[in-house]
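What follows is a single structure, written as structure tokens, with notes after it.
Predicted model, so just to flag it, every value in this text is computed and none were measured. Proteins get letters first, then strands, A, B, ... in listed order; numbering begins at 1 in each.
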Amino acid sequence: MKEYDHKQIDPKWQNEWEHSNLYRAVDFADKPKKYILVEFPYASGDGVHIGHCRTYSMIDVLARFERMQGYNVLFPMGWDAFGLPTENYAIKHKINPKVVTKQNTDNFRRQLKMMGYSFDWSREIDTTEPSYYKWTQWIFLKFLENGLAYKEKAPINWCPKCKVGLANEEVVNGRHERCGSEVEMKELSQWMLKITAYADRLADELDEVDYPESIKAAQRNWIGRKTWIDISFDVEGTGQKLVVSTTQPETIYGVTFIVVAPEHPIFDEDKKFVPEEYRDTVLAYKKEAQGKTPEERADEKMKKTGVFTGLYAINPVNGERVQIWMTDFVLMTVGTGAVMGVPGHDKRDFQFATQYKLPVARVIVGPDGKTGEINKISEVQHDAGTVVNSDILDGLSVDEASEKIMDHLVENGIGHAEVRYNIHDWIFSRQHYWGEPIPVVFCEKCGTVPVPEKDLPVVLPDVESYEPTETGESPLAAIDEWVNTTCPTCGGTAKRETDTMPNWAGSSWYFYRFCDPDNDTAIADPEKLNYWMPVDFYDGGAEHVTLHLLYSRFWHKFLNDIGVVPGKEPYRARRNHGMLLGEGGTKMSKSLGNVINPDDLVEKFGADVVRLYLLFTGPHEGTVEWSDRAIQGVNRFVRKFWKFFMENANAKKKTDDVSELGVEIAVNRLIRQLTDELPQRKFNTSVAALMEFYNDAHEKPVTIENLQKIAVAIAPMVPHVAEEFWSAVGGNGSVHAQPWPEVDEKLLQQESVVIPVQINGKVRGKVNISPDASEDTVRAAVMALDSVQRCLDGQDVKKFIYVPGKIATLVV
RNA sequence: GCCGGGGUGGUGGAACUGGCAGACACGCAGGACUUAAAAUCCUGUUCCCGCUUGCGGGAGUGCGGGUUCGAUCCCCGCCCCCGGCACCA
């Protein structure tokens, strides 16, 4: 018998697959299409992470299974390769990032091929190839042409370490999500993409796609659409109106003060609205607040602070005169930067009122039924209850009152409703070398001029130094011969834009390029896009939910609007894969020394053992831990299974030699389970099913037909082993080109079943019955049981329940 | 605080969404083979109690209630963990 030798069989079949183009997706094939996509990796110098392998192993099973189900499957792979890690590596080692990228992608490709994934390598793409980023630039020009890209001087999030502007999505807890440095604010002129123009559709059209609720919620939350009402308060003695915004207008009769952000224009010194005797303290507080970092200002444990400004506002609904305070817990960037203080029904306002001894009023009686004074923070709430002490709103529920007062304020010209969003326009400029140049020139006469389509791509020039500059300018700005150009419109002297695009640009449209990777006249042939799009199943990381996933939906909707791509949404279904942590539950990292290298594993165990183990670790969407021990279990299993299969294959038994049907049933049960579970991505139980099959079958006689079915059924999970099996039992062609085996349902309807018998909910025995036995027959069999008689002990049976094929229950 | 997802043996995790809880695997214990070890194979393995073994009894899916013949699953009230958002008014 041939031993299992992965070093021989892995490369043998990988070569065979490559030479026969086995996994090529055929444009316009007659079969129904299925576009299965897994996020392409950032090609870092560390090589493929074992977590990548887990995900790809799972999605590869899916792709192989769907092919065998008769689908024309597009399962592509490529490289997201612009960006900081490569640039930093290039700076450190003084190597051109192009060279670094080539090394990295070569290594990634080698590793993924070593794992035996069924990617269609003929469609490989690289976002840093000019032939690719030409189209990234082209899409930018379309944004520009349609008024959705604009340059604006604005305070932006600035990472002092990476010397780069950041999008809001890249700032996590006041820190750059990639390097962890504290983010500063910096005034810079930046290209922006108007994602806010698509905010409503990005939120609403989530209803049309199959994403987990957690993703939809995270995106809606990030978009943060709310209806606000802006209410005008007169500021006493100034002739000014102060516009206060709220989402809880039903508490307006509970206003006892107004709190305003320090940056609010009403406090501008030259306007002198603040009474003279208060000016010094107000100014001092303002300065102090502006000296704090956004993080310090947002620190929840920090005490609420503020100063009375000497100004009073008049509540438009009841004419009440209330103090106006300046405080840094109100943010100028939210609403109008002025908030009504309702300490009875808002916890922050309550804290503030307690601190400065401001009055507290009750206008809602909550579920606790209390009607008196509000003295404790635990009594502060606005979610539910009946409105009181509120004139026209008295007796209404919170929701009714909200609606009524909104209408009232709007009708009387005191307030107006305003839909606001949390999402801001996308800062699209980066002051770095290793990115797509933004295809724009600045002409003294013509202003900002887009580079004409025929001149694309604007190729990234070679530079001496890749380091970002202290001034915040891109290193490209130092290359005069590149920067200085002629204006495409007037032919006069002009300068190129030196900002490059963010890392997210190339990945916002890459799924189109896989449909037609070599097209040099369009992002892809529209016919091919029509055939392949949308992506039917998209796997990716949870960290991309408000970044890549939202950005690419935005690009897609825009490109659909201008007729470039089909359909409202790019991805029909999306799932997030779980993380693979190191042993002990910590993240794998070089510093902890717990990084698992796929090269070592494949060398030791072979690709199929590694794949099968990764499938066995747990559900696709769950976070799991690496275990050195558990992979040994799978290794043992594969070797046992190999022995069982090959010994039987060599024996070459014929069907008529076998009288026993046990294995026949087991084979069908296995196929039944895999057929049901693989598309649901319950890979861990599919591996268990395979092990159960072995445990059941390995000592029973097996026919060649059985073995052939087994080889086909295991092909998606262990592709190399399956090929060996298939050829050992005389199969023609590749096992992966075989149709998925049919389940013989008749065989699975066994002649008898064992069902449990319960008395008062406890199992007291079992009966062996035919699945189509009548209730009376079952009852007779149950009553005949010794164990039942013993437990009944003469008591009357009040009720007999028989759930066919499942259970029989007696109630006494 | 709000939103989303969870809590099952020593461990990773099963259980067709109301029908035998703990599949499969890891680990552990005992045994076989071996001079010995590794490897391999066999047996056992939720906990507690009783018994001579075959066996019998009880408890048990974060906690407390409820619905039901029957609840890991449904309902009510809590506790804890993970992820997202957040002085968002």
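- Closest approach to the A/Asn422 side chain among B/rA89, B/rG57, B/rC88 is made by B/rC88 (side chain taken as heavy atoms from C-beta onward).
- Between B/rC88 and B/rA14, the distance separating the two P atoms is 38 Å to the nearest Å.
- Contact between A/Val721 and A/Trp642 at its shortest, heavy atoms only, is CG1-CE3, 4.2 Å.
- Ring geometry, A/Tyr694 versus A/Phe644: the interplanar angle exceeds 60°, so the pair is classed perpendicular (tilted spans 30 to 60°).
- Across B/rU11 and B/rG62, the matching P atoms stand 14 Å from one another, rounded to whole Å.
- The distance between atom CZ of A/Arg420 and atom P of B/rA86, rounded to the nearest whole Å, is 18 Å.
- For A/Glu621, the salt bridge (charged side-chain N to carboxylate O under 4.0 Å, His left out) test picks out A/Arg681, with sequence neighbours left out.
- Atom NZ in A/Lys640 sits about 9 Å away from atom P in B/rU40, given to the nearest Å.
- Below the 3.5 angstrom threshold, one finds no donor paired with an acceptor across the side chain of A/Lys226 and the base of B/rC88.
- Annotation: B/rG10 and B/rU46 have their C1' atoms spaced 11 Å apart (nearest Å).
- Listed by chain and residue number, A/Asp230 satisfy the salt bridge (charged side-chain N to carboxylate O under 4.0 Å, His left out) test with A/Arg420 (two or more places apart in sequence, or in another chain).
- In the displayed structure, A/Glu543 atom CD is contacted under 6.0 Å by more than 12 heavy atoms of other residues, nucleotides or ligands.
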Please list, pair by pair, any protein nitrogen or oxygen found under 3.5 Å from a nitrogen or oxygen in nucleotides 11-17 of chain B.
from   : atom 1 : to       : atom 2 : distance (Å)
B/rG12 : O2'    : A/Thr617 : O      : 3.3
B/rG13 : O3'    : A/Asn684 : ND2    : 3.2
B/rA14 : OP1    : A/Asn684 : ND2    : 3.2
B/rA15 : OP1    : A/Lys682 : NZ     : 3.0

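- For A/Glu699, there are no salt bridge (charged side-chain N to carboxylate O under 4.0 Å, His left out) partners at least two apart in sequence or on another chain.
- For the P atom pair drawn from B/rC75 and B/rC87, the interatomic distance equals 33 Å after rounding to whole Å.
- What separates CZ of A/Phe257 from P of B/rA89 is a distance of 16 Å, to the nearest Å.
- Comparing B/rC16 with B/rU72, their P atoms sit 12 Å apart, to the nearest whole Å.
- Taking 3.5 Å as the limit, the base of B/rG84 and the side chain of A/Thr546 contain no donor-acceptor pair of atoms between them.
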Distances under 3.5 Å between nitrogen or oxygen atoms of protein and nucleotides 6-9 of chain B:
none

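- Glycosidic conformation at B/rU61 (O4'-C1'-N9-C4 for purines, O4'-C1'-N1-C2 for pyrimidines): anti, more than 90° from 0.
- On the C1' atoms, B/rA25 is 9 Å away from B/rG13, given to the nearest whole Å.
- Under the side chain to side chain contact (heavy atoms under 4.5 Å, CB included) criterion, A/Val398 pairs with A/Glu250, A/Ile364, sequence neighbours left out.
- Side-chain proximity of A/Ala688 to B/rC24, B/rC3, B/rA89: nearest is B/rC24.
- Here A/Arg672 lies out of heavy-atom contact (under 4.0 Å) with every strand.
- Legend: residues meeting salt bridge (charged side-chain N to carboxylate O under 4.0 Å, His left out) with A/Arg54, ordered by chain and number and at least two apart, are absent.
- Judged by a 6.0 Å distance limit and a 45° cone about the ring axis, A/Arg574 is not positioned over the six-membered ring of A/Tyr211.
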Polar atom pairs between nucleotides 26-30 of chain B and protein, under 3.5 Å, N or O only, would you list them?
from   : atom 1 : to       : atom 2 : distance (Å)
B/rC26 : OP1    : A/Arg636 : NH2    : 2.7

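- Each of A/Ile801 and A/Tyr694 lies near RNA chain B, and the nucleotide nearest A/Tyr694 is the one positioned closer to the 5' end.
- Look at CZ on A/Phe637: it is 12 Å from P on B/rC41, rounded to the nearest Å.
- For A/Lys766 and B/rC20, a side-chain-to-base donor-acceptor distance below 3.5 Å is present, hydrogens and geometry of angles not being considered.
- When the C1' atom is used for both B/rA38 and B/rG83, the distance is 44 Å, rounded to whole Å.
- Between the CD atom of A/Gln248 and the P atom of B/rG1 there is a distance of 17 Å, rounded to whole Å.
- Distances from the side chain of A/Met691 to the nucleotides B/rC69, B/rG84, B/rA25 place B/rA25 closest.
- In this structure, A/Ser627 contributes its side chain and A/Ala630 its backbone to a donor-acceptor pair below 3.5 Å.
- Only the C1' atoms considered, B/rA15 is 10 Å distant from B/rC73, to the nearest whole Å.
- Considering only side-chain atoms of A/Trp222, the nucleotide from B/rC69, B/rC85, B/rC3 that sits closest is B/rC85.
- Atom CZ in A/Phe329 sits about 9 Å away from atom P in B/rC88, given to the nearest Å.
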Run the side-chain donor-acceptor check on residues 801-812 of chain A: report pairs under 3.5 Å with partners two or more places apart or on a different chain.
from     : atom 1 : to       : atom 2 : distance (Å)
A/Tyr802 : OH     : A/Gly805 : N      : 3.1
A/Thr809 : OG1    : A/Gln758 : OE1    : 3.3

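- A/Asp676 comes within 4.0 angstrom of no nucleic acid atom, judged by non-hydrogen atoms across all strands.
- For A/His6, the side chain to side chain contact (heavy atoms under 4.5 Å, CB included) criterion is met by A/Tyr4, A/Asp10, A/Arg639, not counting sequence neighbours.
- Residue A/Ala542 is out of contact with every strand shown, counting any heavy-atom pair closer than 4.0 Å.
- Between A/Tyr356 and A/Phe257, the gap from one ring centroid to the other reaches at least 6.0 Å.
- Positionally, the nearest nucleotide of RNA chain B for A/Glu699 lies more toward the 5' end than for the other of A/Glu699 and A/Arg348.
- Separating the CD1 atom of A/Ile759 from the C1' atom of B/rC20 is a distance of 14 Å, rounded to the nearest angstrom.
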Checklist entry - So what is the 5' to 3' dot-bracket string for RNA chain B, if pairs are Watson-Crick or G-U wobble with both distances under 3.5 Å, crossing pairs use [ ] and | means the partner sits on another strand? => result (((((((..(((......[....)))((((((.......))))))(((((....)))))..(((((..]....))))))))))))....
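- Note that A/Lys304 lies in the cation-pi zone of A/Phe329, set by a 6.0 Å cut-off to the ring centre and a 45° limit from the axis.
- We find the CD1-OG1 distance between A/Ile377 and A/Thr354 to be 7.0 Å, quoted to the nearest 0.5 Å.
- The CH2-P distance, from A/Trp325 to B/rA89, rounds to 23 Å in whole Å.
- In this model, no side-chain donor or acceptor of A/Glu213 finds a partner on the base of B/rG5 within 3.5 Å.
- Residue pairs meeting the salt bridge (charged side-chain N to carboxylate O under 4.0 Å, His left out) criterion with at least one member in residues 217-228 of chain A, sequence neighbours excluded: A/Asp200-A/Arg225, A/Asp204-A/Arg225, A/Asp207-A/Arg220, A/Glu213-A/Arg220.
- For B/rG9, the O4'-C1' to base torsion is within 90° of 0; the nucleotide is therefore syn.
- Note on ring orientation: taking the six-membered ring where Trp is involved, the planes of A/Tyr551 and A/Trp426 are parallel (angle under 30°, cut-offs 30° and 60°).
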